[in-house]
There are 2 protein chains.
Amino acid sequence: MTESNLLPDTRTRLIAAGLHLFGRGGFDGTSTRELARRAETNVASIAYHFGGKAGLRQACAESIAHRVSSRMSLADADALPQDPQAALSEIEDTLRQFATMLYSAPEAEDFVPFLLRELTEPGEIAELIFTRLLLPRHVRLCRLWALATGRPAEADAVKLAVFAAIGQLLYFRIARPLVTRRMNWPGIGPDETAQITETVIANLRAAIERSRT
Amino acid sequence: MTESNLLPDTRTRLIAAGLHLFGRGGFDGTSTRELARRAETNVASIAYHFGGKAGLRQACAESIAHRVSSRMSLADADALPQDPQAALSEIEDTLRQFATMLYSAPEAEDFVPFLLRELTEPGEIAELIFTRLLLPRHVRLCRLWALATGRPAEADAVKLAVFAAIGQLLYFRIARPLVTRRMNWPGIGPDETAQITETVIANLRAAIERSRT
DNA sequence: CAGTATTATTCAAACGTTTGATTGAATCAA
DNA sequence: TTGATTCAATCAAACGTTTGAATAATACTG
């Protein structure tokens, strides 16, 4: 106790290094020596704390799962809004939260690239991220969508529409270099984030309107 | 002359191997020995024909650029449709072509993963793919969008809306394992492709309708 | 047209480096 | 002292690349 040290745990530092380096260079593109250097520790610590490089990768994913869970809490599953307008509002709020996390939350900056990279290539990590983070939110969004449009919550069309809405946000982040190039943006700051978010929200409203009639 | 050999060029075989292996395992995750084995040649051929592993990667990208150009030709830039309805139709056609290539074209199957992987990580290759393949089509789609909605073609909102439309298609392909899991699909066949495409087209129509008013 | 010189391509083998992992000693806190 | 943790040093394996000889294709010459 009473940690007067300036540095966090070796364990914690290694996970931070993993998120950063795996997210940028990929798992194969990152060496254990790089990881150790960035975490300011010895290579052997990786094996000691995580059993190996693959174990560190897993620990990075679990670290994200925890942090995202705390930052984007699921609304109580039993408490669904009643009128369509309230359902739509909650969908919009969820997307906005998601966008904030993806584009401009400083504390998410180091793990979002890791998350996206793992999501784009199938494997155990993608599995974990999907079941723990994405799936429960997808299910709830489908229920909300159903409330907002009057369609059955588990209809294929509803599920796909929700995927499409989330997909737009994820895509803008994945293709960020392409988007900034085409838009002649210096980067994605608060203004640009707002523009993207409003585009997606506008698409959402249009889709729901059309689906309702 | 009179090639009675069963195999294509070593050069050609190496590019095919590169598209396949880089697309699945990534650049760092693929060794020159794997590449040579799959191309049924010697490792030294990589250096001989492409200067090295990185050169093969580049050649793979250029091969894609050629193949996509021939399969998805750009309509003549000077021949824009005149009425909004025709413009909308051409946008829809373009998206459908794109979807076919991404999801179900057999001859695209081996290079689509390569293309997506390179697009998701910034670099020289992504640059080439973007400027040669994506950008010209994006520009034309913006013009068509402008015609269909009456808005200025180079308005930020138009560019972003086009990105959002393309992004949906790309995302469904990138996140294919996730989508099939959630939908309880065995895979993405013609039926599933149609469902996805219709979802995106429906979103497109809704967005354009709303943008027009 | 035959025979030779020239070039292009492929090959097995080896190069030096880097990889992830492991070792046993050193260091630390309790 | 004890158990947990970190360390420098080392390991075999795999890495991308290079080598020089062998082979195949092409051009030249008499």
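Here the structure is a predicted model, which is why all the values come from computation and not from measurement. Throughout, protein chains are lettered first and strands after them, A, B, ... in sequence-line order, and every chain is numbered starting at 1.
- Following rounding to the nearest Å, A:R37 (CZ) and D:dC7 (P) show an atom-to-atom distance of 14 Å.
- Rounding to whole angstrom units, OH of residue B:Y48 and C1' of D:dT19 are separated by 15 Å.
- When only modelled atom types and interatomic distance are considered, B:S45 and B:T41 share a side-chain donor-acceptor pair under 3.5 Å.
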**Report entry** nucleotides 15-22 of chain C: protein proximity per nucleotide (B base, S sugar-phosphate only, - neither; heavy atom, under 4.0 Å)
**Finding:** ----BBBB
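- The phosphate of C:dC11 has OP1 or OP2 within less than 4.0 Å of a side-chain N or O from B:T41.
- A:F111 is linked by a ring pair (Phe, Tyr, Trp, His ring centres under 6.0 Å) to nothing, counting only residues two or more places apart in sequence or in another chain.
- Sorted by first and then second residue, the salt bridge (Lys or Arg N to Asp or Glu O under 4.0 Å) pairs involving residues 28-44 of chain A (not counting sequence neighbours) form an empty list.
- Distances shorter than 4.0 Å separate some side-chain N or O of A:H49 from OP1 or OP2 on D:dT6.
- Residue pairs that meet the salt bridge (Lys or Arg N to Asp or Glu O under 4.0 Å) test with at least one member in residues 94-103 of chain A, sequence neighbours left out, are A:E92-A:R96, A:R96-A:E198.
- As a whole-Å value, the separation of A:D9 CG from D:dA4 P is 15 Å.
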Got a list of side-chain donor-acceptor pairs under 3.5 Å for residues 50-62 of chain B, not counting sequence neighbours?
| unit_1 | atom_1 | unit_2 | atom_2 | d |
| --- | --- | --- | --- | --- |
| B:K53 | NZ | B:F27 | O | 2.9 |
| B:K53 | NZ | B:T30 | O | 2.7 |
| B:R57 | NE | B:E118 | OE2 | 2.8 |
| B:R57 | NH2 | B:E118 | OE1 | 3.4 |
| B:R57 | NH2 | B:E118 | OE2 | 3.3 |
| B:Q58 | NE2 | B:E62 | OE2 | 3.4 |

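- Within the structure, the salt bridge (Lys or Arg N to Asp or Glu O under 4.0 Å) test picks out no pair touching residues 160-174 of chain B (sequence neighbours left out).
- Rounded to whole Å, the distance from CZ on B:R13 to P on C:dT9 is 13 Å.
- To the nearest angstrom, C1' of C:dA8 lies 14 Å from CZ of B:R11.
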